[in-house]
Number of protein chains: 2
Amino acid sequence: MAKTQGQKDRRAALISATQKAVIAHGADVKLTEIAKQAGLTSGAVLYHYPDVQSLILEANRAGTERFYDERMQMIAKIDDPAEKLVSTIRSGLPTDADDDAVRLFCELGGAARRHPIYGTLLTSLYDRQVAMYQVILETGAARGTFDLRQESLTIGRNLVALEDAYGYRMMAGHPTIDHEVACELLLDYARLATGHPLITKAALDEGTPTHD
Amino acid sequence: MAKTQGQKDRRAALISATQKAVIAHGADVKLTEIAKQAGLTSGAVLYHYPDVQSLILEANRAGTERFYDERMQMIAKIDDPAEKLVSTIRSGLPTDADDDAVRLFCELGGAARRHPIYGTLLTSLYDRQVAMYQVILETGAARGTFDLRQESLTIGRNLVALEDAYGYRMMAGHPTIDHEVACELLLDYARLATGHPLITKAALDEGTPTHD
DNA sequence: CAGAAATTTGAAGACTTCTTCAGTGACGAA
DNA sequence: TTCGTCACTGAAGAAGTCTTCAAATTTCTG
């Protein structure tokens, strides 16, 4: 579709196809798989991206950026710091073992030492997520919602670290750690660190009618 | 060396060489690299392990087992729960970005979805490490050393998760998170969860002579 | 030491992947 | 319509890998 809309569309479509291919076949995905995903031959892919590595890198970069952007959008709507913290924690954990974004991160993490650029990509994402948590924590502290028992940098770093680790555990198919269990593990730490009970929305929903 | 000691030695040497090769070239290491590391040709490797995949799997299995065994040995000598907890946390974090064991785990984690057996390997290791922490925590609680603010299962799961995540961050080359910083981040959580100040041995050594 | 068994080599075949490129078809401009 | 450009195909070459195997070498046994 969209045959005559210029290079930009085709390149965007190729990046999208490459993302799907990486998620399906790993960070060292073959050119053939990318071409198949895009509905083209390998020659056609090379026509647009003479260097396949740069295409894969661009796709992975776009994938990490998108994950961060979507998280920021999701929490932008929420004002209450406690509710914001809970929603942020929920949005950082994969929904299940098939979560595309977290799959991508695991692939990149495994390749990070051999391809240092992926390490840079993940480091940047990590630091920004820590800052995102710090803003929520400091705002809550300033408003008197939270009583921080540790520095916001410490709490932020640990929360993102826990997200990452439980993402890996879920990807590895841990039999008992699913989305809900991992959420509670993060929330238990957050409760300890913020001195706030952090009643989850799910818990609230249980005790109240669908619309009050 | 040791040319006449039979198959077992040769197979053990091959597993050792494969471990080095995996750490150097990733979970999908080539037969050629294994042979080079072992000082043999690819044909000779196949003579002992007709199926290369089974050799790599065996090497990776041995690598994770060894990591766990060494941790257990290291902490077995220590009696005081607080000191034991601090030492355990220290031993679970890579010393630097070149730490072989943690390199291996990152490689396996990246490949876990494509090779579910590696997911099983890592899951098994994770669960045993959690149990290891639980024993320390419960012992300390029973002795009155710790005042656990969360269930020992929660604390154990979160501590191992933090170890894993900071291992990944260090492998990815995070500019500010090194062994010491990561230790403090874990210790800060452990202090909160156990209600114990967990003075580190390093800190103690600073304030006391080498032999009292 | 001589023969048997175990071990290793080196090369060949089959396979996969990357990359190049001559040729094909579609589309727009003149 | 004709020409030229763009997008793409499909085949061929180059490089790397896995696997097999006959032959050579080393080690063991009597």
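Lettering of chains follows the sequences in order, A, B, ..., and the numbering in each one begins at 1. Just so it is clear, the structure is predicted and the values come from calculations on it, not from any experiment.
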Practice item. Give a yes or no on this: more than 12 heavy atoms of other residues, nucleotides or ligands lie within 6.0 Å of atom CD of B:E70. Key: yes
Exercise for review: Give the rounded distance in Å between these two atoms: OH of A:Y49 and P of C:dT19.
Suggested key: 16 Å
Study note, to complete from the structure: Taken to the nearest whole Å, CD/A:Q53 to C1'/C:dT17 is 13 Å
Check your understanding: Which residue pairs pass the salt bridge (Lys or Arg N to Asp or Glu O under 4.0 Å) test when at least one of the two sits in residues 128-141 of chain B, sequence neighbours left out?
Key -> B:E65-B:R128
Practice item. Only pairs at least two apart or in different chains count here, so list each salt bridge (Lys or Arg N to Asp or Glu O under 4.0 Å) that has a residue in residues 32-60 of chain A. Key: A:E58-A:R61
Point to revise | side-chain contact (heavy atoms from CB on, under 4.5 Å) partner of A:V86, chosen from A:E83, A:K84, A:R90 | key: A:R90
Practice item. Give a yes/no answer on whether the side chain of B:R10 brings an N or O atom under 4.0 Å of OP1 or OP2 in C:dT8. Key: yes
Review point. Excluding sequence neighbours, so at least two apart, what forms salt bridge (Lys or Arg N to Asp or Glu O under 4.0 Å) with A:E163?
Key: A:R71
Point to revise | Parallel, tilted or perpendicular: rings of A:F67 and A:F105 (30°, 60°) | key: perpendicular
Check your understanding: Do any of residues 13-21 of chain A sit with a heavy atom less than 4.0 Å from DNA chain D, and if so which?
Key -> none
Study note, to complete from the structure: Hits for ring-ring contact (aromatic ring centres under 6.0 Å, His included) against A:Y49, two or more places apart or cross-chain, chain-then-number order -> none
Review point. Any side-chain donor-acceptor pair under 3.5 Å between B:Y189 and B:N158?
Key: yes
Check your understanding: Do any of residues 28-48 of chain B sit with a heavy atom less than 4.0 Å from DNA chain C, and if so which?
Key -> B:L40, B:T41, B:G43, B:A44, B:Y47, B:H48
